[in-house]
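The block underneath contains the structure these notes are about, expressed in C-alpha coordinates.
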There are 2 protein chains.
Amino acid sequence: MSKSFKTRIVQRIYRTFLDVMVLKLVQNEPMWGYKIIKCVEEQREIRLRHSALYPLLGKLEKDGFLRSSRKAKNGRVRKIYNITSKGIQLVNAYNEFLTEELKSAH
Amino acid sequence: MSKSFKTRIVQRIYRTFLDVMVLKLVQNEPMWGYKIIKCVEEQREIRLRHSALYPLLGKLEKDGFLRSSRKAKNGRVRKIYNITSKGIQLVNAYNEFLTEELKSAH
DNA sequence: TGAGATATGTCTCAAAAAAGACATATTGTA
DNA sequence: TACAATATGTCTTTTTTGAGACATATCTCA
(Lines give C-alpha, C1' and ligand atoms only; values in the text may rest on other atoms or scores of the structure.)
Protein backbone atom coordinates (compact mmCIF):
# COMPACT_ATOMS: atom_id res chain seq x y z
CA MET A 1 0.00 0.00 0.00
CA SER A 2 1.46 3.33 -1.05
CA LYS A 3 1.50 6.31 1.25
CA SER A 4 -1.71 8.31 1.18
CA PHE A 5 -1.89 11.60 -0.62
CA LYS A 6 -2.42 13.46 2.64
CA THR A 7 0.63 11.95 4.31
CA ARG A 8 2.75 13.12 1.41
CA ILE A 9 1.22 16.59 1.51
CA VAL A 10 2.08 16.86 5.22
CA GLN A 11 5.66 15.78 4.50
CA ARG A 12 6.00 18.32 1.72
CA ILE A 13 4.62 21.08 3.92
CA TYR A 14 7.10 20.26 6.68
CA ARG A 15 9.91 20.24 4.14
CA THR A 16 9.06 23.65 2.68
CA PHE A 17 7.48 25.40 5.63
CA LEU A 18 9.60 23.98 8.42
CA ASP A 19 10.21 27.54 9.60
CA VAL A 20 6.48 28.23 9.95
CA MET A 21 5.85 24.81 11.55
CA VAL A 22 8.58 25.52 14.12
CA LEU A 23 7.21 29.00 14.81
CA LYS A 24 3.74 27.54 15.37
CA LEU A 25 5.09 24.97 17.84
CA VAL A 26 7.10 27.57 19.73
CA GLN A 27 4.17 29.99 19.71
CA ASN A 28 2.07 27.34 21.41
CA GLU A 29 4.80 26.65 23.96
CA PRO A 30 8.40 27.90 24.20
CA MET A 31 10.78 25.03 23.41
CA TRP A 32 14.34 23.97 22.75
CA GLY A 33 15.62 22.25 19.63
CA TYR A 34 15.73 18.70 20.87
CA LYS A 35 12.13 18.86 22.06
CA ILE A 36 10.97 20.34 18.76
CA ILE A 37 12.41 17.30 17.00
CA LYS A 38 10.66 14.92 19.40
CA CYS A 39 7.36 16.76 19.05
CA VAL A 40 7.43 16.78 15.26
CA GLU A 41 8.51 13.14 14.95
CA GLU A 42 5.88 12.04 17.44
CA GLN A 43 2.92 14.07 16.16
CA ARG A 44 3.58 13.59 12.46
CA GLU A 45 5.20 10.62 10.76
CA ILE A 46 8.13 12.79 9.79
CA ARG A 47 11.86 12.49 10.24
CA LEU A 48 13.32 15.83 11.36
CA ARG A 49 17.12 15.85 11.40
CA HIS A 50 18.90 18.03 13.90
CA SER A 51 21.31 19.06 11.14
CA ALA A 52 18.32 20.70 9.46
CA LEU A 53 16.74 22.17 12.58
CA TYR A 54 19.64 23.80 14.44
CA PRO A 55 20.84 25.95 11.53
CA LEU A 56 17.21 26.94 10.90
CA LEU A 57 16.71 27.97 14.52
CA GLY A 58 19.87 30.07 14.28
CA LYS A 59 18.60 31.74 11.14
CA LEU A 60 15.14 32.39 12.58
CA GLU A 61 16.75 34.08 15.57
CA LYS A 62 19.16 36.09 13.43
CA ASP A 63 16.22 37.28 11.32
CA GLY A 64 14.16 38.23 14.37
CA PHE A 65 11.45 35.58 14.27
CA LEU A 66 12.64 33.89 17.44
CA ARG A 67 14.46 34.91 20.60
CA SER A 68 16.44 32.45 22.71
CA SER A 69 17.70 32.16 26.27
CA ARG A 70 19.91 29.47 27.75
CA LYS A 71 18.36 27.66 30.67
CA ALA A 72 20.04 24.95 32.74
CA LYS A 73 17.84 22.02 33.74
CA ASN A 74 19.44 19.17 35.74
CA GLY A 75 22.86 20.32 34.62
CA ARG A 76 21.85 20.13 30.96
CA VAL A 77 21.86 23.40 29.12
CA ARG A 78 18.84 24.05 26.98
CA LYS A 79 18.37 26.88 24.55
CA ILE A 80 14.75 27.88 24.94
CA TYR A 81 13.18 29.67 22.02
CA ASN A 82 10.34 32.17 22.21
CA ILE A 83 8.43 33.60 19.28
CA THR A 84 8.68 37.34 18.59
CA SER A 85 6.02 39.69 17.22
CA LYS A 86 7.67 39.36 13.81
CA GLY A 87 7.39 35.59 14.13
CA ILE A 88 3.70 35.91 14.98
CA GLN A 89 3.23 38.05 11.87
CA LEU A 90 4.66 35.28 9.70
CA VAL A 91 2.42 32.65 11.26
CA ASN A 92 -0.58 34.93 10.77
CA ALA A 93 0.33 35.46 7.11
CA TYR A 94 0.51 31.69 6.68
CA ASN A 95 -2.90 31.21 8.27
CA GLU A 96 -4.40 34.00 6.18
CA PHE A 97 -3.10 32.32 3.06
CA LEU A 98 -4.65 28.99 4.07
CA THR A 99 -7.98 30.69 4.69
CA GLU A 100 -7.96 32.31 1.24
CA GLU A 101 -6.90 29.07 -0.45
CA LEU A 102 -9.82 27.25 1.11
CA LYS A 103 -12.29 29.98 0.23
CA SER A 104 -11.35 29.80 -3.45
CA ALA A 105 -11.55 26.00 -3.41
CA HIS A 106 -15.31 25.99 -3.95
CA MET B 1 9.42 48.26 1.11
CA SER B 2 10.15 44.55 1.34
CA LYS B 3 7.73 41.98 0.01
CA SER B 4 5.00 41.11 2.46
CA PHE B 5 5.04 37.83 4.34
CA LYS B 6 1.94 36.65 2.53
CA THR B 7 3.38 37.30 -0.92
CA ARG B 8 6.38 35.18 -0.02
CA ILE B 9 4.19 32.41 1.33
CA VAL B 10 2.26 32.34 -1.95
CA GLN B 11 5.52 32.15 -3.89
CA ARG B 12 6.79 29.31 -1.76
CA ILE B 13 3.52 27.40 -2.22
CA TYR B 14 3.71 27.80 -5.98
CA ARG B 15 7.30 26.61 -5.92
CA THR B 16 6.64 23.43 -3.95
CA PHE B 17 3.02 22.69 -4.76
CA LEU B 18 2.99 23.70 -8.40
CA ASP B 19 1.47 20.32 -9.23
CA VAL B 20 -1.50 20.93 -6.90
CA MET B 21 -1.88 24.55 -8.08
CA VAL B 22 -2.02 23.35 -11.70
CA LEU B 23 -4.51 20.62 -10.84
CA LYS B 24 -6.74 23.18 -9.11
CA LEU B 25 -6.66 25.49 -12.13
CA VAL B 26 -7.43 22.67 -14.55
CA GLN B 27 -10.15 21.34 -12.26
CA ASN B 28 -11.84 24.70 -12.41
CA GLU B 29 -11.50 24.82 -16.20
CA PRO B 30 -9.67 22.53 -18.64
CA MET B 31 -6.64 24.36 -20.05
CA TRP B 32 -3.46 24.14 -22.08
CA GLY B 33 0.04 24.90 -20.86
CA TYR B 34 0.43 28.36 -22.31
CA LYS B 35 -2.83 29.51 -20.74
CA ILE B 36 -1.85 28.06 -17.36
CA ILE B 37 1.28 30.21 -17.44
CA LYS B 38 -0.74 33.33 -18.31
CA CYS B 39 -3.31 32.61 -15.60
CA VAL B 40 -0.71 32.07 -12.88
CA GLU B 41 1.39 35.08 -13.85
CA GLU B 42 -1.68 37.30 -14.06
CA GLN B 43 -3.45 36.18 -10.89
CA ARG B 44 -0.38 35.92 -8.68
CA GLU B 45 2.81 37.96 -8.89
CA ILE B 46 4.72 34.84 -9.87
CA ARG B 47 7.02 33.97 -12.74
CA LEU B 48 6.15 30.54 -14.12
CA ARG B 49 8.65 29.29 -16.69
CA HIS B 50 7.45 27.05 -19.46
CA SER B 51 10.56 24.93 -18.93
CA ALA B 52 9.18 24.13 -15.49
CA LEU B 53 5.55 23.68 -16.52
CA TYR B 54 5.72 21.47 -19.61
CA PRO B 55 7.77 18.68 -18.01
CA LEU B 56 5.47 18.84 -14.98
CA LEU B 57 2.35 18.51 -17.16
CA GLY B 58 3.93 15.49 -18.84
CA LYS B 59 4.66 13.91 -15.48
CA LEU B 60 1.17 14.60 -14.12
CA GLU B 61 -0.31 12.92 -17.17
CA LYS B 62 2.09 9.97 -16.97
CA ASP B 63 1.15 9.52 -13.31
CA GLY B 64 -2.59 9.68 -14.06
CA PHE B 65 -3.47 13.02 -12.48
CA LEU B 66 -4.24 14.67 -15.80
CA ARG B 67 -5.47 13.54 -19.23
CA SER B 68 -4.78 15.49 -22.39
CA SER B 69 -6.22 15.83 -25.87
CA ARG B 70 -4.89 17.84 -28.77
CA LYS B 71 -7.30 20.42 -30.09
CA ALA B 72 -6.69 22.71 -33.05
CA LYS B 73 -7.88 26.31 -32.69
CA ASN B 74 -7.26 28.73 -35.57
CA GLY B 75 -4.60 26.42 -36.94
CA ARG B 76 -2.74 26.43 -33.60
CA VAL B 77 -2.54 23.10 -31.86
CA ARG B 78 -3.32 23.17 -28.17
CA LYS B 79 -2.92 20.33 -25.73
CA ILE B 80 -5.94 20.61 -23.46
CA TYR B 81 -5.59 19.06 -20.04
CA ASN B 82 -8.43 17.64 -17.96
CA ILE B 83 -8.21 16.52 -14.36
CA THR B 84 -8.77 12.83 -13.57
CA SER B 85 -10.39 11.29 -10.48
CA LYS B 86 -6.90 10.61 -9.14
CA GLY B 87 -6.09 14.29 -9.66
CA ILE B 88 -9.23 15.27 -7.77
CA GLN B 89 -8.16 13.00 -4.91
CA LEU B 90 -4.86 14.84 -4.62
CA VAL B 91 -6.55 18.25 -4.59
CA ASN B 92 -8.98 17.00 -1.95
CA ALA B 93 -6.10 15.72 0.21
CA TYR B 94 -4.49 19.14 -0.06
CA ASN B 95 -7.70 20.91 0.96
CA GLU B 96 -8.23 18.51 3.85
CA PHE B 97 -4.77 19.23 5.14
CA LEU B 98 -5.34 22.99 4.96
CA THR B 99 -8.62 22.60 6.86
CA GLU B 100 -6.89 20.65 9.64
CA GLU B 101 -4.04 23.12 9.81
CA LEU B 102 -6.47 25.98 10.31
CA LYS B 103 -8.47 24.10 12.93
CA SER B 104 -5.34 23.46 15.02
CA ALA B 105 -4.29 27.10 14.66
CA HIS B 106 -6.48 28.22 17.53
C1' DT C 1 31.27 1.46 33.56
C1' DG C 2 29.18 1.28 29.42
C1' DA C 3 25.17 2.12 26.60
C1' DG C 4 21.36 4.95 25.44
C1' DA C 5 19.15 9.23 25.83
C1' DT C 6 19.49 14.25 26.09
C1' DA C 7 21.41 18.37 24.03
C1' DT C 8 23.66 21.43 20.47
C1' DG C 9 26.36 22.43 16.81
C1' DT C 10 29.15 22.17 11.97
C1' DC C 11 30.55 20.32 7.50
C1' DT C 12 30.71 17.84 3.19
C1' DC C 13 28.90 15.48 -0.61
C1' DA C 14 25.05 14.01 -3.32
C1' DA C 15 20.56 14.79 -5.10
C1' DA C 16 16.92 17.68 -6.51
C1' DA C 17 15.20 21.91 -8.28
C1' DA C 18 15.41 26.20 -10.75
C1' DA C 19 17.18 29.39 -14.28
C1' DG C 20 17.98 30.10 -18.68
C1' DA C 21 19.28 28.74 -23.13
C1' DC C 22 18.33 25.91 -27.34
C1' DA C 23 14.80 24.58 -30.66
C1' DT C 24 10.70 24.93 -33.70
C1' DA C 25 6.24 26.34 -35.83
C1' DT C 26 2.13 29.21 -36.60
C1' DT C 27 -0.71 33.45 -36.34
C1' DG C 28 -1.72 38.31 -36.09
C1' DT C 29 -0.46 42.85 -36.83
C1' DA C 30 2.07 47.11 -37.73
C1' DT D 1 7.99 41.40 -44.16
C1' DA D 2 9.51 41.60 -39.81
C1' DC D 3 8.25 41.47 -35.01
C1' DA D 4 5.40 40.14 -31.15
C1' DA D 5 2.47 36.74 -29.42
C1' DT D 6 0.86 32.00 -29.23
C1' DA D 7 2.19 27.25 -28.45
C1' DT D 8 5.10 23.21 -27.02
C1' DG D 9 9.03 20.93 -26.07
C1' DT D 10 14.26 19.68 -24.48
C1' DC D 11 18.77 20.36 -22.39
C1' DT D 12 22.54 22.15 -19.69
C1' DT D 13 24.33 24.58 -15.98
C1' DT D 14 23.83 26.70 -11.68
C1' DT D 15 21.76 26.98 -7.24
C1' DT D 16 19.51 25.13 -3.45
C1' DT D 17 18.31 21.48 -0.45
C1' DG D 18 18.90 17.30 2.04
C1' DA D 19 21.24 13.22 3.92
C1' DG D 20 24.52 11.79 6.68
C1' DA D 21 28.77 12.17 8.86
C1' DC D 22 31.85 14.64 12.17
C1' DA D 23 32.16 16.63 16.81
C1' DT D 24 31.34 17.22 21.78
C1' DA D 25 29.31 17.02 26.48
C1' DT D 26 26.16 15.60 30.24
C1' DC D 27 22.80 12.61 32.47
C1' DT D 28 20.38 8.27 33.60
C1' DC D 29 19.95 3.63 34.30
C1' DA D 30 21.15 -1.21 34.02
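Keep in mind that what you see is a predicted model, and the values were worked out from it rather than measured. By convention in this document, chain letters (A, B, ...) are assigned in the order of the sequence lines, proteins followed by strands, and residues within each chain are numbered from 1.
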The nucleotide from C/dT6, D/dG20, D/dT8 with an atom nearest the side chain of B/Y34 is D/dT8

A/W32 atom CH2 is separated from C/dA5 atom P, nearest whole Å, by 17 Å

When you measure from the side-chain N and O atoms of B/R49 to the phosphate of C/dG20, is any distance below 4.0 Å, counting only OP1 and OP2? yes

Taken to the nearest whole Å, CZ/A/F17 to P/D/dT17 is 12 Å

| task | Indicate, with a heavy-atom threshold strictly under 4.0 Å, whether B/R70 touches base, sugar-phosphate, or nothing. | result | sugar-phosphate

Item to complete: Kindly say whether B/I83 contributes a backbone atom to a donor-acceptor pair with the side chain of B/Q27 at under 3.5 angstrom?
Response: no

Of A/T16 and B/H50, the one whose nearest nucleotide on DNA chain D sits closer to the 5' end is B/H50

Of the candidates C/dT10, D/dA19, C/dT6, the side chain of A/K38 sits closest to C/dT6

note: A/R76, atom CZ; D/dC29, atom C1'; distance rounded to Å ~ 12 Å

Please determine whether a side-chain nitrogen of the Lys or Arg among B/E61 and B/R67 lies less than 4.0 Å from a carboxylate oxygen of the Asp or Glu. no

For B/E100, does the CD atom sit with more than 12 other heavy atoms under 6.0 Å from it, leaving out its own atoms? yes

Per atom distances to the B/S51 side chain, the nearest of D/dG9, C/dG20, C/dG9 is C/dG20

To the nearest angstrom, the OH-C1' distance between B/Y54 and C/dA21 comes to 16 Å

note: A/L57, atom CG; C/dT8, atom C1'; distance rounded to Å ~ 10 Å

**Message:** If you compare every side-chain N and O of B/K79 against the phosphate oxygens of D/dG9 (OP1, OP2), does one of them come in below 4.0 Å?
**Reply:** yes

Whole-Å distance, B/K73 NZ to C/dG28 P, equals 11 Å

A/R12 CZ to C/dA16 C1', in whole Å, measures 13 Å

Nearest-nucleotide check on DNA chain C, B/N74 vs A/I80; residue mapping nearer the 5' end is A/I80

Considering only heavy side-chain atoms of B/R15, the closest of D/dG18, C/dA18, C/dT8 is C/dA18

With a 4.0 Å cut-off on heavy atoms, is A/R78 in touch with a base, just the backbone sugar-phosphate, or nothing at all? sugar-phosphate

B/K86 to B/F65, cation-pi by 6.0 Å centre distance and 45° axis angle
yes

Legend entry - SB check B/E42 B/K35 (cutoff 4.0 Å): no

Between CG of B/L56 and C1' of D/dC11 the distance, given in whole Å, is 17 Å

